[in-house]
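Throughout, numbering of the chain's residues begins at 1 and tracks the sequence. For ligands, and for the atoms within them, numbers begin at 1 and follow the listed sequence.
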Amino acid sequence: MPYFDHAATTPLDPRVRDAWLELADEPLNPSSIHRQGQRARALLEEARERIAAAIGLADPAQILFASGATEAANMALRGMAGLLPPDERLRVLSSPIEHSCVRDTVAALDDAGRIGAVALPVGESGRVRLDEAPRDRRALLCLMHANNETGVVQDVEAALEWKSAAGSAWLCDAVQSPGRVAFDADALGADFIVLSAHKLHGPPGIGCLAGPGVERLPPLITGGQQEGGRRPGTESVALAWAFARAVELAVERRAEAARHLAQLEEKFLRLLGAKGIAWRVNGDAPRLPGFLNLSFEGYSAVDLAIALDMADCCVSPGAACSTGVVAVSPVLEAMFPLDANRARGGLRLSFGFETDSSEVGILADALGRLIRGKATTARSEARKEPS
Ligand code: PLP
């Protein structure tokens with residue numbers, strides 16, 4: 001079944017599966033003192049070093065493994081909230097375009113009185129407006145690298161400038177970027193970087209929090225000394241090994257993948273145009289290649305996504321919710337506060353490096369049939385009206 005939802009998750013690369021299975025059968029506990037435990041420790045540290053090298057992080061000790069991006073973001077946000085003395089509150093600057101792992105955690109901490117949340121405005125372009133970010137030494141800025149609904153790459157240079165001028169910290173959810181755009185963790189300059197393997201053709205259940213900020217984080221849970229005492233619980237060496245392979249492959253094939261993804265995008269829009277279908281792209285360049293959020297006048301994204309599913313095409317209306325409940329996208333609502341139709345219409349199409357050129361033809365044909373089908377009905381109803 002043609003799959004156009006790589007922003008939600010990606011198929012496992014067979015080379016990553018091989019890496020995973022290479023270690024899956026072995027008893028590997030890096031905390032054990034025997035030789036098998038030492039082997040586990042060495043493999044885990046090698047995985048950490050390979051991930052650091054692939055993302056451009058000089059110090060592998062600045063990587064903490066976690067179950068995924070949601071846990072990694074929680075580690076950073078909740079950890080930072082707990083660092084200040086009780087009479088001082090961390091100010092957290094963020095916007096509605098952040099993924100719910102940041103958005104909901106900021107809201108929960110704010111409701112509990114543990115931080116002071118400051119909302120940053122978002123332009124119609126899909127970029128967060130950092131010119132309005134207050135400079136405050138006790139602030140943490142949450143600015144993602146590229147948005148998971150529109151693919152819009154954020155102004156990370158401005159975030160680094162803000163951070164340096166304010167003397168404060170920056171959390172960057174970079175889940176969608178490696179493998180699609182050039183990514184260098186040290187050059188980025190964020191204190192915390194969030195990554196997840198399943199967005200990079202790796203397995204779900206492993207991700208990391210990376211960057212110099214991890215060194216001062218307290219643990220969120222108690223029970224062991226793993227990950228320098230900052231993330232207790234036995235590490236999964238096989239998953240870390242698979243994660244390392246996934247990141248390496250994503251970085252190695254990035255330029256080729258980006259070319260392929262841009263060609264798919266161009267072909268898809270050309271085919272839609274040839275069918276006389278009009279659309280609006282939600283979010284301005286720079287965007288991740290192979291990543292489109294489109295609104296079609298008069299169509300709800302949920303209806304289109306359901307109809308496309310029946311036509312054997314997997315796409316998402318806005319963000320895929322973990323519960324299966326689909327609400328109007330807070331990202332598109334923030335971008336188009338006065339245009340509810342556009343926000344409701346945002347259909348997310350995200351191609352992958354393994355997406356075939358013929359598959360985008362299938363998608364364009366299916367969309368063409370749906371849109372022309374409804375347009376015909378609407379016209380025949382309109383013709384009846386005068387009588
Ligand atoms: N951040 C972004 C930008 C995402 O797209 C996602 C997944 O949808 C996450 C965080 C959460 O990732 P995980 O499933 O690893 O918790």
Side-chain angles (χ1 to χ4, degrees), residues 3-12 16 51 55 63-78 94-108 122 126-128 142-154 156 159 170-181 183 188 190 192-211 220 231 236 239-240 242-243 246-247 250 283 287-288 290-293 314-327 329-332 334 346 348-352:
Y3 182 79
F4 308 104
D5 200 14
H6 290 75
T9 196
T10 54
L12 190 65
V16 176
I51 294 169
I55 63 168
I63 290 181
L64 293 185
F65 287 114
S67 61
T70 302
E71 186 190 352
N74 269 268
M75 281 158 65
L77 283 162
R78 292 178 188 276
S94 67
S95 81
I97 74 158
E98 290 296 316
H99 184 269
S100 53
C101 70
V102 169
R103 210 172 48 229
D104 293 356
T105 308
V106 169
V122 180
R127 272 190 156 191
V128 176
C142 302
L143 181 77
M144 66 201 322
H145 197 271
N147 181 261
N148 52 300
E149 290 190 42
T150 61
V152 172
V153 179
Q154 298 299 310
V156 290
W170 169 25
L171 164 63
C172 184
D173 173 350
V175 160
Q176 298 288 347
S177 293
R180 288 185 188 261
V181 287
F183 189 82
L188 185 68
F192 302 101
I193 295 170
V194 169
L195 294 173
S196 182
H198 75 100
K199 309 286 183 174
L200 303 171
H201 301 270
I206 181 113
C208 70
L209 184 65
L220 293 190
R231 200 266 187 170
S236 171
L239 282 178
F243 184 21
V247 181
R287 282 185 289 106
L288 297 176
F291 211 115
L292 285 167
N293 192 303
C314 299
V315 304
S316 264
C321 274
S322 52
T323 53
V325 176
V326 185
S329 149
V331 176
L332 298 183
R348 179 178 74 177
L349 311 170
S350 46
F351 309 141

### Query
Can you list the ligand 1 atoms lying under 4.0 Å from a non-hydrogen atom of Gly68?
15 (O)
## Note on the structure
Short version for Met144: what comes under 4.0 Å of ligand 1, heavy atoms counted, is side chain
### Message
Rounded at 0.5 Å granularity, tell me how far CD in Gln176 sits from CG in Leu200.
### Response
9.0 Å
### Message
Using 0.5 Å steps for rounding, measure from the CZ atom of Phe4 to the CZ atom of Phe351.
### Response
6.5 Å
### Message
Is there a side-chain contact between Ser350 and Asp5 in this structure, where contact means two heavy atoms from C-beta onward sitting under 4.5 Å apart?
### Response
yes
### Task
Run the numbers for me: atoms of ligand 1, each under 4.0 Å from some heavy atom of Thr70, listed by number.
11 (C), 13 (P), 16 (O)
### Task
Would you mind running through ligand 1 and noting each atom that sits below 4.0 Å from a heavy atom of His198?
13 (P), 14 (O), 15 (O)
### Query
Quick one: CG on Leu171 to CD on Glu98, what's the gap to the nearest 0.5 Å?
7.0 Å
### Message
I want to check something: taking the side chain as every heavy atom from C-beta on, are Val175 and Asn148 in contact at a cut-off of under 4.5 Å?
### Response
no
### Task
Please say whether Cys101 places an N or O atom under 3.5 Å from an N or O atom belonging to ligand 1.
no
### Query
Which pair of heavy atoms, one from Gly202 and one from Thr10, lies closest together, and at what distance?
N-OG1, 4.3 Å
### Query
Does an N or O from Lys199, backbone or side chain, lie closer than 3.5 Å to an N or O of ligand 1?
yes
### Query
Any idea which part of Asn148 is under 4.0 Å from ligand 1, heavy-atom wise: side chain, backbone, both or neither?
side chain
